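Everything below concerns the one structure shown next.
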There are 2 protein chains.
Amino acid sequence: MVTSPETCAQEVLEVVPVVMRIIRGKMRQHRAADLSVPQFRTLAFIDRNAEASLSDVAEHIGLTLPSMSKIVDGLVVRKLVTRETHPDDRRRMILTLTRSGQTALETSRTATWACLASMLAPLTDGERTVIVKAMDSLRPVFTVRLESSLKTAK
Amino acid sequence: MVTSPETCAQEVLEVVPVVMRIIRGKMRQHRAADLSVPQFRTLAFIDRNAEASLSDVAEHIGLTLPSMSKIVDGLVVRKLVTRETHPDDRRRMILTLTRSGQTALETSRTATWACLASMLAPLTDGERTVIVKAMDSLRPVFTVRLESSLKTAK
DNA sequence: TATTGTTATACTCTATAACTATA
DNA sequence: TATAGTTATAGAGTATAACAATA
């Protein structure tokens, strides 16, 4: 079976926005955490990358610095993230999750997983396997490369 | 191979937002059309469903009536859509694409397809086939009926 | 001079509540 | 009364441009 890039693109363009809308809704629905998708992704990145700078996060999430700055503002106000200046380079910020931030991330992640999982449960194992394989193919294609800014920063 | 709903959900939750962000960027990038994703989806729906009402569009895109109304406002101002009252029920709107609207839709669709296709081109045929199959599985799962939530909201 | 980040400003997207017009 | 849609209002997400602080 041959699948042209065009056909594949068409399918992706049709389905991904629909899935995205559901994910967004699910996340907002969990009042305990109440995180938007960008907020969730920001917390997740900071969790995975200790002492990340604002530029690191912005680059990975794919936002401009001002946009990222504003999102982090909100997270700091909600006390989910702390923002300190780096002792060795006072231009840089060191972003860290607070205890609350870790909890919010975990709560949101678990609840959203559970919701999505229940939606995916009616599918067959085979279908889910295909979906996972598809995601594994798509991930590197659409992931912004961090050209070592993180590593050099550390 | 067994893939649990949880594993599948995790993968979807991780990859879909990344793909979505690229799609959004690509769409905005084509200055000729310059459509946001919701605008694009709205035009596509009106194109597929002649004489759609505002409620029809809102329900299928998954937005509230005021949100949809505002999006359509913008499209009407840009002369991509016409908004007329239905002769048989003057509460209803009849939404139709203008010539410009058809052109904008086609331009945006083609350009975005081409961009995505070029990103998907390095994958193997097999990988693309898997992606298409995955999208076909995901589509019905996430194409959710919103009537219930809309009605209870009233 | 280059880098990191913030502020100012201006959009779009989105929701809820209150309203109008029509049925 | 019920339905279709708009207006009012508010807040988040996003971008560009201009700026400040630091290196």
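Below, chains carry the letters A, B, ... as their sequence lines are ordered, and counting in each starts from 1. Keep in mind that this is a model prediction, so the values were computed, not measured.
- Within the 4.0 Å cut-off from OP1 or OP2 of D/dT3, not a single side-chain nitrogen or oxygen of B/S55 is found.
- Checking the phosphate oxygens (OP1, OP2) of C/dT6, a side-chain nitrogen or oxygen of A/S69 falls inside 4.0 Å.
- D/dT22 atom P lies 10 Å from atom CZ of A/R91, rounded to whole Å.
- Between B/T64 and B/S67, the side chains place a donor N or O and an acceptor N or O closer than 3.5 Å (distance only, hydrogens not considered).
- Taking only distance into account, the side chain of B/R90 never meets the base of C/dT22 through a donor-acceptor pair shorter than 3.5 Å.
- The interatomic distance linking B/H86 (NE2) with C/dA23 (P) rounds to 11 Å, in whole Å.
- Note: CD1 (A/I61) to P (D/dA15) measures 12 Å, nearest angstrom.
- For the pair A/D73 CG and C/dT4 P, the interatomic distance rounds to 19 Å; values are reported in whole Å.
- Between the side chain of A/R92 and the base of C/dT4 there is no donor-acceptor pair of N/O atoms closer than 3.5 Å.
- Along DNA chain D, the nucleotide nearest to A/D88 and the one nearest to A/S36 differ in position, and the one closer to the 5' end is contacted by A/S36.
- Note: CD1 (A/I94) to P (C/dG5) measures 10 Å, nearest angstrom.
- With hydrogens and angles ignored, no donor-acceptor pair closer than 3.5 Å exists between the side chain of A/K70 and the base of C/dT6.
- To the nearest 0.5 Å, atoms CZ (A/R91) and OG1 (A/T85) are separated by 12.5 Å.
- In this entry the distance linking CZ of B/R24 with P of D/dA15 reads 9 Å, nearest Å.
- Residue contacts shown for A/L65 include a base, since a base heavy atom lies under 4.0 Å away.
- Heavy-atom neighbours of B/R90 CZ from other residues, nucleotides or ligands within 6.0 Å: at or below the threshold of 12.
- Nearer the 5' end of DNA chain C, as judged by each residue's closest nucleotide, is the contact made by A/R83, out of B/Q39 and A/R83.
- Between the CD1 atom of A/I71 and the P atom of D/dG11 there is a distance of 17 Å, rounded to whole Å.
- A distance of 9.0 Å separates CD in A/E127 from CG in B/L138, rounded to the nearest 0.5 Å.
- Distance CZ/B/R92 to OG/B/S53: 4.0 Å, rounded to 0.5 Å.
- When the nearest nucleotides of DNA chain D are assigned to A/T64 and B/L54 by heavy-atom distance, the more 5′-ward of the two goes with B/L54.
- Atom CE in A/M68 sits about 21 Å away from atom P in C/dT3, given to the nearest Å.
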